K.L.:
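Just dropping this structure here.
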Amino acid sequence: MATATATKDKSVLWDWLTTVDHKKLAVLYLIAGTLFFVKAGMMALFMRIQLMSAENDFLTGQTFNELITMHGTIMLFLAATPLIFAFMNFVIPLQIGARDVAFPFVNALGFWIFFFGGLLLSVSWFFGGGPDAGWTAYVPLSSGEYADLGLDFYVLGLQVSGIGTLVSAINFIVTIINMRAPGMTMMRMPLFCWTGLVVSILIVFAFTPLAAGLALLMLDRIFGGQFFIPDMGGNAVLWQHIFWIFGHPEVYILVLPAFGIISEVIPAFSRKRLFGYTAMVFATLVIAFLGFMVWVHHMFTVGLGPITNSVFAIATMGIAVPTGIKIFNWLFTMWGGKITFNTAMLCASSFVPTFVLGGVTGVMLAMVPVDYLYHDTYFVVAHFHYIIIGGIVLGLLAGTYYWYPKMFGHKLNEKLGILMFWLFYIGFHMTFFIQHILGLIGMPRRVYTYLEGQGMETMNLVSSIGSFVMGAAILVLVINVVYSAFNSERITVNDPWDARTLEWSTPTPIPEYNFAQTPQVRSLDPWFYEKVHGDGTMKPAEPMTDIHMPNGSILPFVIGLGLFTWGFGMVMMNMENTIVPPFLVIGTGVILTFGSMLIRSIKEDHGYHIPLEQVKKIEKEVS
Amino acid sequence: MAGSVDLSKGLPSHPEKSTLEGKNKFLGFWIFLGGETIMFATFFGTFLGLREGTAGGPSAEELFSMPLVFIMTMLLLTSSLTSVLAMFSMKKNNFKNMLVLMIVTVLLGLGFLGFEIYEFVEYVHHGLGYTTSAFASSFYTLVGLHGAHVLFGLCWITTLIIRYSRSGITLTNAPKFYVASLYWHFIDVVWVFIFTVVYLMGIGGA
Amino acid sequence: MSDDLSKPFTKSSMSEEEIMKINKERKIQVTSFAFMIFLTILAFIAVATETIEVGFAIPFILLLAVVQFFLQMYYFMHLKDKDHGWPNAFIISGVVLSTPALIALILLLGVTKY
Amino acid sequence: MKGRKGLLRFLPLSAMLLFLAGCGEDRLTALDPYGPQAQWIFDNMILSLYVMALVIIVVFTLFFIAVVKFRRKPGDDEIPKQVEGSKTLELTWTIIPIILLVILAVPTIAGTYYLAEEAPEAAGSSGEEEGEEAEEAADAAAEGEDAVVIDVTGHQYWWQFDYPEGFTAGNEVYIPVGEKVWFNVTGNDVIHSFWVPALGGKIDTIPGVENSLWLQADEPGVYKGKCAELCGPSHALMDFKVVALERDEYDAWVDSMSQEEEAPEENSVAAEGRQVFEDQGCIGCHAVEGQGSAQGPTLTNFADRDYIAGVIDFNNENLEEWIRDPQSFKQGNNMQPYPDMSDEDMEAIIEYLNTLSVEDEE
Ligand code: HEA
Ligand code: HEA
Ligand code: CUA
Ligand SMILES: [Cu+2]
């Protein structure tokens, strides 16, 4: 039996490559997500520079198309998703009072597969350019006949990173269902856990059709499948259905965790419990269900017929109701509270009106005949950036400022934080509000330029300037992170915000086993309950004993690498004169992947135990 | 961890779920199957949407042979039964019996796969290549994906059989066998729809 | 403790009663298997004999497939047992969400307008 | 202008008028509708804006009151009352949005059917009905008889318009004013989307799928159209024009488009150009007056256009550059370049192209 000593004497790098600790994986997700966010953000800036004036020739149409595609794809799959996963990973086990997730190994696997998938997508730049058919990759434009290698990278990169996301999601579901501390019933779970659960379920049901769709596109591009070519009996609309069956739930996958974060931050800084908790849970479930029933609203102009369009329009409008419930519950959480405005709360509270602005344009889009006007114009671009930035990004920023002390042991600088917030907020409205009007006066989306004399110059210029202000805000955030790392006071208390949920009952920094004794939960907002009704500490639900911990493993990394190699080999099949034959590369990838799985399956790994004395020692140190 | 189960009395009656790891695996796998359901539905939808699109190539009616499909169906259904019976043996701590039943399952699965490969080769000879038409592509994709699942299942179960051939039933391998058998049943369920929707409806010419 | 996890057992903890129960269940399984075989043969016959009208045979064999689906899921895969609440939830969700997707892919490809 | 008048009634939008001022002569913006379909869309957008304004005002009011009134004062450590929720409130903000949505849903469905109207069948033999019904049917039949139905095909990156009279036009579509014109659209290579903002909504042109759309222009004039679905590097440059003419002018235009080619005067430069046009293989892609293929836009009325290839200013220098190197204007387009054509040939061909007009000489 291995003991705790086995973890010593390892290099830092090795430690991070092999870690299965959910807190460290959260940090990895955070870093990877931030890097991808900055990358995609820079692409957006390039796009805005190109659109700053009429008939600008900073970028060619081809490059511009590659940039929009990569911007959209990276932002949704490789920036927003991992950032959300970062918080889910860090917070959910703590909030439900668990020592770890259900499958620590799978958790690490999910991260590395996602990461290598993202890498595969990104290396497309070095092999003749990125994908250029938009993040929606509509066929025939994305099919073998009209698109180059870039799309092979898109297809395989997303396929790989999708697998990573899928296995992580399964892990979260099982964690939340099976690993809750005693007394933590489903209806006592913090809303962030609820949204985490629902989102993971959405991932399981939405990423699988995506995998199927990507497989079809891959087969079309690499093996000559005829799914989309009308002359061969195929159909081009098929892809759009499959994509949006995934694509619409995907947008809720992104926004629900942001709702969750907001539902944590607003009560914490209003010092009031979440208004209408039950209704909030219910609304989340309804949104998730309806999210699967509305995808055709992206296809109103495809010409599916009036019955189809009407049905899906009504279903789409229906989503406004549960979302409205959430909005008003947040407002009434603040109502009658005692609100502290720091950066986290600024972001969280301003989320509410901003999101409503994006939401109502969504409902406008759902009016089918009027969508014939809006569709594929800048009005839609404005709609989703309002929701995504006003919703997801503000939510993530709120989460960052809120959980940062727990994650890194010090707060972010407040002055810089507030500067960032205002820059971001102003820049954001400047960039995107005006785009509504641009769409209405006839600017389609995904255009790399527009002609002079159509009245679009000024508005585009304003929009571009706004995007720079937003960029500056993100720059301030980056500066803040570096600055605070050196100049901020260490947090020594458990609970710097005087918050409500279980994660704040753990010591800072958190020991690797999270809780020396699993806590006994007695109420919703258990930590707040103990502070008010108890003695300010969590009651233990079990005696102190040896603590069982999982072993680290390099296999997740190797499997990720294997899938990367495999995917790359598949892309090579479409390359002209490769140095090594593609099947060799594919073979290597397959062997790495399945070999590691075989090893994992054959070697029984029961983890190790931290002996009681050591637990006691650690507990003394941190308190 | 063993948790509340008293191990001194012998193998618990639900060895696959008597540890937390086992419980997690069990639930996680069901979730995965939930996802697989909708993934297969997508492929079924693709096939059904495109099955008229033969583009002048051979159509389902011309190609499919009923006896072959019938044999394949019987093989797979029977293998589903043997893997059920294997799980009963496992619960009763009858390790040898379980192994034998699992081996039979694998053999039946192999038979199925052999016929499927034969079938595909046959179709290619009759002019139904992968790129012949949308019907061909979606047929091979759907049925081939199922075949790939069968292949993966075979490799998986074989690995388990070899790895644990002399270890007896333990709280570690019981969930593994159980989950593998769930997977096998799921493959069978999918086949039920394949033989109905692809073959019988194809031959019936709806 | 970890070693326990890799140790085989010499006996089963099952009581006589439990063994009886499990044997009975086994019998049910074999019966349902026989029933499934029967359904399969029925489906093949329905199509093979060509005496039954196509418009009827197709829904009929689809119905048979659905029955088999339930038998497999609820008996062979034990979904009917207690302790299977969550698995049931996931499979049912999977089926429920598959339905509109399937219908859309079959009907709503833009060729015929609805 | 009728659209403007409608606009002013709606104060929330009057700010947008500012932006409208910059518009050129080609009518583009959807905020200034010129036909019943565009008007319908515009009116319903305004309706939804009112509903949304209501929602926004409620939310913002609550938000600002909460933010201002319930700030925590420094040193105030009292814990506010922990409210669980309220059934009545919960019910209120479920029911009111539902009502608002119903208000939007009704016109949505009505409009979906209104805009989905199909082209009338040509010439109905409906003599049996009596009275009013018969009259209506006769009206419909009459309308059906000379209803204009144009087949539209989207190409990378140009538009093909086939008229029922049998001729083809490229990049510019002429329609009669004041009547519904039906467009049956499909795609040739990838998906495009046919959109004339000032006249109505858009419809995708999908290879293998037949879609249809009707538009009606209430005033003669030029309406700008755009491709609204990403279709490749030059998607942004896939513009076209809708020219609305009074019915008699339209009929005249149709007549001249249908006429046989009149050969250019012999021994003129243009005749030489015509020869070059054939020798260089232009005719292999460009039809002129019914001759040649439709791999490229028909050039029958080329000289009547304001733009080359939909977006380039029409002058001889640009035309020469276009023929020598089309890629420099429109990346990825499918026209063959002629970098090495001799200057004389070029001159001739341009001269010839300039004669391709069907408009009456003044
Ligand atoms: C996180 C992302 C996110 C979210 C949450 C949403 C939410 C919604 N979206 Fe959005 N959407 C996108 C991201 C998102 N969307 C993206 C990325 C695209 C473009 C994809 C592409 O083509 O590239 C898109 C496109 C898109 C379209 C297609 C447009 C087109 O291409 O033609 C439509 C059409 O119906 C739509 C509708 C809606 C609706 C009705 C909601 C609703 O959920 C909004 C509900 C919220 C509210 C309504 C506000 C709060 C409610 C109240 C205060 C109650 C009272 C309100 C009323 C009675 C109105 N969206
Ligand atoms: C999570 C999703 C997400 C996010 C956060 C963003 C963020 C931004 N988006 Fe994005 N966008 C999409 C998702 C997203 N977008 C999608 C899905 C599409 C559709 C794609 C398609 O059509 O296929 C799209 C399309 C899209 C378009 C339309 C392109 C077109 O149709 O032609 C535009 C144009 O303005 C745009 C702009 C921006 C801008 C300015 C930001 C800004 O918020 C970015 C802010 C971040 C930064 C600026 C980077 C950080 C900067 C630094 C660290 C310092 C460096 C700073 C300076 C040098 C100043 N986006
Ligand atoms: Cu054609 Cu865009
Ligand atoms: Cu959507």
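Just so it is clear: chains get the letters A, B, ... in the order the sequence lines come, proteins before strands, and each one is counted from 1. Please read all numbers here as calculations on a predicted model, not as lab measurements.
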K.L.:
Non-hydrogen atoms of chain D under 4.5 Å away: do they reach the side chain of Ala366(A), the backbone, both or neither?
P.N.:
backbone
K.L.:
Would you mind telling me which of Ser212(D), Pro207(D), Gly332(D), Pro97(D) has the largest number of heavy-atom pairs within less than 4.5 Å of chain A?
P.N.:
Pro207(D)
K.L.:
Only pairs of heavy atoms separated by less than 4.5 Å count here; which of Val51(D), Leu89(D), Ile98(D), Asp189(D) has the most with chain A?
P.N.:
Asp189(D)
K.L.:
Working to the nearest 0.5 angstrom, can you tell me the gap between Ile325(A) CD1 and Trp93(D) CH2?
P.N.:
9.0 Å
K.L.:
For Arg271(A) and Gln82(D), work out which heavy atoms get closest and say how close.
P.N.:
O-NE2, 3.0 Å
K.L.:
Could you state the interatomic distance from CG (Asn211(D)) to CG (Leu304(A)), rounded to the nearest 0.5 Å?
P.N.:
8.5 Å
K.L.:
For Ser142(A), is it the side chain, the backbone, both, or neither that has a heavy atom closer than 4.5 Å to a heavy atom of chain D?
P.N.:
neither
K.L.:
If you compare all heavy atoms of Arg273(A) against all heavy atoms of Glu84(D), which two are closest, and at what distance to 0.1 Å?
P.N.:
NH2-CG, 3.5 Å
K.L.:
Please determine, among Ser349(A), Gly439(A), Gly134(A), the option with the most heavy-atom pairs under 4.5 Å with chain D.
P.N.:
Ser349(A)
K.L.:
Measuring heavy-atom distances to chain D, does Asn65(A) have an atom under 4.5 Å in its side chain, in its backbone, in both, or in neither?
P.N.:
side chain
K.L.:
For Asn329(A) and Glu90(D), what are the C-alpha separation, side-chain angles and deciding distance, and is it a side-chain contact (heavy atoms from CB on, under 4.5 Å)?
P.N.:
CA-CA 8 Å; Asn329(A) 277 312; Glu90(D) 224 59 78; 2.9 Å; yes
K.L.:
Return the CG to NZ distance between Asp371(A) and Lys202(D), rounded to the nearest 0.5 Å.
P.N.:
7.0 Å
K.L.:
Which region of Val356(A), side chain (C-beta onward) or backbone (N, CA, C, O), has a non-hydrogen atom less than 4.5 Å from a non-hydrogen atom of chain D, or is it both or neither?
P.N.:
side chain
K.L.:
With a 4.5 angstrom heavy-atom cut-off, is it the side chain or the backbone of Ala105(D) that approaches chain A, or both, or neither?
P.N.:
both
K.L.:
Can you tell which part of Glu210(D) gets under 4.5 Å to a heavy atom of chain A, answering side chain, backbone, both or neither?
P.N.:
neither
K.L.:
Mind ranking Val302(A), Asp231(A), Thr60(A) by heavy-atom pairs under 4.5 Å with chain D and telling me who comes out on top?
P.N.:
Val302(A)
K.L.:
What part of Ser350(A) lies closer than 4.5 angstrom to a heavy atom of chain D: side chain, backbone, both or neither?
P.N.:
backbone
K.L.:
Any side-chain heavy atom of Ser310(A) sitting closer than 4.5 Å to one from Tyr113(D)?
P.N.:
yes
K.L.:
Using modelled atom types only, decide if a donor and an acceptor are shared between the side chain of Gln331(D) and the backbone of Gln62(A) within a distance under 3.5 Å.
P.N.:
yes
K.L.:
I'd like to verify something: which residue of Val102(D), Ile41(D), Thr112(D) has the highest number of heavy-atom pairs under 4.5 Å with chain A?
P.N.:
Thr112(D)
K.L.:
Please indicate whether Tyr146(A) has more than 12 foreign heavy atoms, meaning atoms of other residues, nucleotides or ligands, lying under 6.0 Å from its OH.
P.N.:
yes
K.L.:
Using a cut-off of under 4.5 Å for heavy-atom pairs, which of Ile68(A), Asp525(A), Val311(A), Ile307(A) has the most such pairs with chain D?
P.N.:
Ile307(A)
K.L.:
Which answer fits Val311(D), side chain, backbone, both or neither, if we ask what part of it has an atom under 4.5 Å from a heavy atom of chain A?
P.N.:
both
K.L.:
So for Pro306(A), is it side chain, backbone, both, or neither that comes closer than 4.5 Å to the heavy atoms of chain D?
P.N.:
both
K.L.:
Heavy-atom pairs under 4.5 Å with chain D - which of Trp330(A), Tyr138(A), Phe269(A), Phe341(A) has more of them than the others?
P.N.:
Phe341(A)
K.L.:
First locate atom CG of Leu237(D), then atom CD of Glu55(A), and finally report the distance between them rounded to the nearest 0.5 Å.
P.N.:
9.0 Å
K.L.:
Let's test your reading of the structure: which of Arg72(D), Lys224(D), Met52(D) forms the most heavy-atom pairs below 4.5 Å with chain A?
P.N.:
Arg72(D)
K.L.:
Evaluate the side-chain proximity of Lys81(D) to Lys272(A): yes if any heavy-atom separation is below 4.5 Å, no if none is.
P.N.:
no
K.L.:
Go through the atoms of Met299(A) and report whether side chain, backbone, both or neither lie under 4.5 Å from a heavy atom of chain D.
P.N.:
neither
K.L.:
Roughly how far, to the nearest 0.5 Å, is CE of Met367(A) from CD1 of Ile109(D)?
P.N.:
10.5 Å
K.L.:
For Val209(D), which atoms come within 4.5 Å of any heavy atom of chain A: side chain, backbone, both, or neither?
P.N.:
side chain
K.L.:
Among Thr63(A), Thr377(A), Asp376(A), Ile314(A), single out the residue with the greatest number of heavy-atom pairs under 4.5 Å to chain D.
P.N.:
Asp376(A)
K.L.:
With a 3.5 Å distance limit and no angle check, can you tell me whether Gln454(A) reaches the backbone of Thr29(D) through a side-chain donor-acceptor pair?
P.N.:
no
K.L.:
Between Gly200(D), Ser86(D), Ser193(D), which has the largest tally of heavy atom pairs under 4.5 Å with chain A?
P.N.:
Ser86(D)
K.L.:
Around atom CG of Asp148(A), are there more than 12 heavy atoms of other residues, nucleotides or ligands at under 6.0 Å?
P.N.:
no
K.L.:
Looking at Leu115(D) and Pro369(A), what are the two nearest heavy atoms and their distance?
P.N.:
CD1-CB, 3.7 Å
K.L.:
Just say parallel, tilted or perpendicular for the rings of Phe70(D) and Trp335(A), cut-offs at 30° and 60°.
P.N.:
tilted
K.L.:
Apply side-chain contact (heavy atoms from CB on, under 4.5 Å) to the pair Asp239(D) and Leu451(A), showing each step before the final yes or no.
P.N.:
CA-CA 10 Å; Asp239(D) 291 4; Leu451(A) 299 185; 3.9 Å; yes
K.L.:
Is the closest side-chain heavy-atom distance between Leu357(A) and Ile56(D) below 4.5 Å?
P.N.:
yes
K.L.:
Determine whether Leu141(A) and Glu229(D) satisfy the following criterion, side-chain contact (heavy atoms from CB on, under 4.5 Å), listing intermediate values before the conclusion.
P.N.:
CA-CA 10 Å; Leu141(A) 187 59; Glu229(D) 181 67 59; over 6 Å; no
K.L.:
Quick check on the interface: out of Gly232(D), Cys227(D), Ser234(D), who has the most heavy-atom pairs with chain A under 4.5 Å?
P.N.:
Gly232(D)
K.L.:
Among Pro444(A), Gly336(A), Gly359(A), Ala279(A), which residue forms the greatest number of heavy-atom pairs with chain D at distances under 4.5 Å?
P.N.:
Gly336(A)
K.L.:
Are Tyr372(A) and Ile203(D) close enough that some pair of their side-chain heavy atoms sits under 4.5 Å apart?
P.N.:
no
K.L.:
With rounding to the nearest 0.5 Å, note down the distance linking CE in Met364(A) to CE in Met45(D).
P.N.:
6.0 Å
K.L.:
Is there a side-chain contact between Val363(A) and Leu100(D) (heavy atoms, below 4.5 Å)?
P.N.:
no
K.L.:
Does the side chain of Ile191(D) come within less than 4.5 Å of Pro140(A)'s, by heavy atoms?
P.N.:
yes
K.L.:
Is Phe63(D) close to chain A through its backbone or its side chain, or both, or neither, when contacts mean heavy atoms under 4.5 Å?
P.N.:
both
K.L.:
So which atom in Trp195(D) and which in Gly442(A) form the shortest heavy-atom distance, rounded to 0.1 Å?
P.N.:
CH2-CA, 3.6 Å
K.L.:
CZ of Phe60(D): more than 12 outside heavy atoms within 6.0 angstrom?
P.N.:
yes
K.L.:
Do Val447(A) and Lys226(D) come within less than 4.5 Å of each other through their side chains, counting heavy atoms only?
P.N.:
no
K.L.:
Tell me, do Val58(D) and Phe328(A) make a side-chain contact under 4.5 Å, heavy atoms counted?
P.N.:
yes
